[in-house]
Number of protein chains: 2
Amino acid sequence: MTSWRTIAAKKKAEQLALIPKEWTLKLDDITQQVEVDVSSIPDTCGLLNAKEIQITNSDLPDLLEKLAAGEWSSVSVTTAFYKRAIIAHQLTNCLTEIFIERALARAAGLDDHLQKTGTVVGPLHGLPVSLKDQINIKGLESCMGYVSWVGIFADKNSVLTDILENAGAVIFVKTNIPQTLMWAETFNHVFGRTSNPFNRSLTSGGSSGGEGALVAMRGSPLGVGSDIGGSIRIPAAFCGTYGLRPSYGRVPYAGCVNSLEGQDSAPSVLGPLSNSIAGIKTFMKTVIDARPWLKDPLAVRKRWSDDEYNLADHGNGQNLCFAIMWDDGMIVPHPPIIRGLEIVKKALLDAGHKVIDWKPSKHAEMYKCLGDIWTAGAAEDFSVVTAMTGEPVIASMIPDDEIPVVDIVDKHQIVDALAPGISAYRLWQTHKKKRMLREEYLQLWEDTAGMTGTGRAVDAIISPAAPYTAVRHGQNKSAQYTMVWNVLDYSTLVIPVSRVDPTIDIVKAPHEFYNEEDKANYNIYNPANFANAPISVQLVGRTLEEEAVIAMGEIVDKALKRAQVIETQRNI
Amino acid sequence: MTSWRTIAAKKKAEQLALIPKEWTLKLDDITQQVEVDVSSIPDTCGLLNAKEIQITNSDLPDLLEKLAAGEWSSVSVTTAFYKRAIIAHQLTNCLTEIFIERALARAAGLDDHLQKTGTVVGPLHGLPVSLKDQINIKGLESCMGYVSWVGIFADKNSVLTDILENAGAVIFVKTNIPQTLMWAETFNHVFGRTSNPFNRSLTSGGSSGGEGALVAMRGSPLGVGSDIGGSIRIPAAFCGTYGLRPSYGRVPYAGCVNSLEGQDSAPSVLGPLSNSIAGIKTFMKTVIDARPWLKDPLAVRKRWSDDEYNLADHGNGQNLCFAIMWDDGMIVPHPPIIRGLEIVKKALLDAGHKVIDWKPSKHAEMYKCLGDIWTAGAAEDFSVVTAMTGEPVIASMIPDDEIPVVDIVDKHQIVDALAPGISAYRLWQTHKKKRMLREEYLQLWEDTAGMTGTGRAVDAIISPAAPYTAVRHGQNKSAQYTMVWNVLDYSTLVIPVSRVDPTIDIVKAPHEFYNEEDKANYNIYNPANFANAPISVQLVGRTLEEEAVIAMGEIVDKALKRAQVIETQRNI
């Protein structure tokens, strides 16, 4: 049997060979440094011409308009984003599958169609779209970072791939993930580690970490990730992009490969990452308008509702009341995160909305509940897959050069280190507990009606996406700020707010620690280490309320941009 | 510890004591016979006066109109239905909790409200509604046939109870179920056995068998059951009423007691039984309009859609195409069921619709899949509850006087006789299988678009509800005709068609049997044994398509009634 290392090395070499020489970066002293912001290199490296720089820096509605008008061809747009994606990859290691010819042929076909018929194929006509590695594209691999799955080619598209292509998208790259997908960072034996574009000593987050880095580098105008505990939102937050975790079943998942398959207790969902809320909305409306329930039986039969988007359930968007959760009662966020919440609060108040405090309840129990569900069968799931090649199950995200865990790991120990599986009956008891927690949280939310002054319960919660901005590789261990919303199945949007500024985001005096983890988190904050890292928040709405969450996200985003303009004017 | 027999006997005696003497039937020779149609006894026994007979024979829209207009008081309507329910109970043993004073006090309160304000409380103002035993009502027991749960009083209403009461309903009785709910008949140690009103040697079906018998006796204008594998539809079909199995989460379930709690793989759902589709529609619209997702986190956020009810997805109801499933490839239905399908086919063709044959696929695998899910933890679930009193887990629905299984049963053996539990990881593999089967069935359905001539896939499937009409107690062993739609989560409505007529529904020559069970089913058919049993069909629509299923049910029902009128005219 070929060793797993050989298979992995061969696949990685094949990937490298797919990068055209003329798109190869000349790595100078600066770009080889780890602790560096590489986000602007695509614009400055000289590989992109002026038009390509313009294209890749365009907003999504602009792109779609120019593509539909034939002003920009899909070939030129796809080429521009492909080049930029390849540059981003050389700087952050964000890609898995690369298929330039195929994508350009598809783009040329769309250009032909538009030229001949004068009509677009659909609302995404000609737009390059990136997909997380697990989303199947016919004829390509979806090894998902498992050496064991290298060389397995999908025999058909996933339902979402079909929907995007029917809408006119040009699927053009697949993006990196951690082995098993069950990490909030991005590293696997096949493709290696993805880094944060704003500071490569920091993680891009995970598991959709490739998407986070790629979109933040403007290497893709629209990416698709998946989220079982924060896997869209953590990379979006760490990389400073927008990212939506839709409710279970709002976006069709059929035809993807996955980890923990059959774990239906709190299922993973697919959702978009983009550099604007317009990208998020365009994706959701396009997918839902395609009536995915006729293609995936688990997709919820619920049409896109303009009524809900117009905030019919939220006073038509006038005089909203947001509740800010400053901490979750387990870990107090680092100073930049608190500052981010303060910026949002001020912007919303200035825009005429109300803001109250959110009093979280039983987050520790919800966090434990989701962990119990995952570990109910995770060890067996991982071991079945990795047994095919004997590749080790990765036990740590700490880079090899710091602690060489991955290669020397005793596989048996790893499985032992994970909770052993439980019985189906025990899992049912966890479900009972989960249902009770969800009922209590709904009541908690409804009970705010008496505090808002709007006659309604709180319209949305503003929450940290993590107790920190992007951390150093191997240090992202606390996903409870995202996981609780998965347990509750709340529709949740990440919105970028600012960047870490070591001169402002200074260390605060120690607070009374909730627990050892809280103390440890306090102690790792050192402003210099986090310089330039994006600061983001989550906007949390109700289950299946994607339309309203997007609309409220637009309101928050607009308020933030208005505040920024005022701030800038003041500084001039 | 008090023996379970003592607890059960005491509870049953208490129930008996709640029946007013003046509502007690004088049992004569006829009514004491088992093989007898008792359905008309309420009208003839002399306990109901003329107005009470008129009230209880009224259609639901009529009732609601007269209640809203104050023409009939809620006290008079509730009294009439209560008397009739008590009569039905004496004939079929359909009730569990009886609370006459409480219901009449509630009715009086509603009458007061209407008189004082001139307005109704809601769309169900003053209407008596019956609930399956498991649906909690504050202050009452929901022992669900478990001796172990006798004496536990609910500390609050279920969400559905609240919604119905807020809509003006008078909850007035609770109805009988089998122990564990996991039988398609109705018998437990506490309340005993429910019989079929049209022939008491036959079962009323289960697990909502009390509702089936009660509604068929017109002892309740609207009842609520639950369905995990056919538990609404089998009693509806066996008793000749309408019954809807909504999709997962369309009707809120929070706050009920249940069996196999935490089994979320193919969850039980609540749904209505009534003597008209108007009753079904009124229930669904009322419940959904109450926005149950703000009260139960598992309720789907999907408003009632008049657009879908007007069949926007089905050519606006003109020229529909139905597909009839004559058998499921496992068991060929008895002659009356086939005749029922033929009646529906002719009626639909006469009404100008198209009818093609449905070719089922992999029903055996879906049937097995649901069984695997139930048994994953059922034995432990049953044993935990029954251990509280040591009551035996019921191992058979065959009446004691035929085979005295229940009392002498060795509990340990029963648990062994059930499949032992499986691991959570094994359950995940079953989920994978289930998802694949659902994907294949969706494709099967979509692929009919080429056969209908309407430009659409088949609008609905017409299927038997069981391979037989109501069978003798203990003989209802084949629930696959309902279970498959639970696995697929299809919205499914039972519609009554006719009654068994031994002179028409004669034995057919043996067919080539699919298997031993098919042969056994053929052999038990003896027209005389089934005389008068209702013949029904299921109308099967898509997931979360309740509005369209109700509308298509109205079309089928109207076609059947028109055919009946023509038939009657021809016979005159």
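Numbers restart at 1 for each chain; the letters A, B, ... are given by sequence-line order, proteins then strands. Here the structure is a predicted model, which means the values were calculated and not measured. FYI, side chains are in, hydrogens and waters are out, and symmetry mates aren't considered; it's all heavy atoms of this structure.
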Roughly how far, to the nearest 0.5 Å, is OG of A:S423 from CZ of B:R426? 14.5 Å
Just verifying a value: how many Å separate A:R250 CZ and B:R301 CZ, rounded to the nearest 0.5 Å? 10.0 Å
NZ/NE/NH1/NH2 to OD/OE distance under 4.0 Å, [X] and [Y]:
X	Y	value
B:E446	A:K295	no
A:R291	B:D313	yes
B:R303	A:D307	yes

Test side-chain contact (heavy atoms from CB on, under 4.5 Å), reference A:P297, set B:E439, B:K434, B:E440, B:R542, output is B:E439
A side-chain contact here means heavy atoms from C-beta on lying under 4.5 Å apart; do [X] and [Y] qualify?
X	Y	value
A:T543	B:W293	no
A:R438	B:D296	no
A:H431	B:D264	yes
B:W428	A:L427	yes
B:E261	A:R435	yes

Sort out for me which of A:K433, A:M436, A:E545 touches chain B most, counting heavy-atom pairs under 4.5 Å. A:E545
If you count heavy-atom pairs within less than 4.5 Å of chain B, which of A:L544, A:L294, A:L260 leads? A:L294
Is chain A contacted by the side chain of B:V159, its backbone, both, or neither, given a heavy-atom distance below 4.5 Å? neither
Tell me, side chain or backbone of B:L442 under 4.5 Å from chain A's heavy atoms, or both, or neither? side chain
Which atom names give the shortest non-hydrogen contact between A:V384 and B:Y425, and what distance separates them? CG2-OH, 3.4 Å
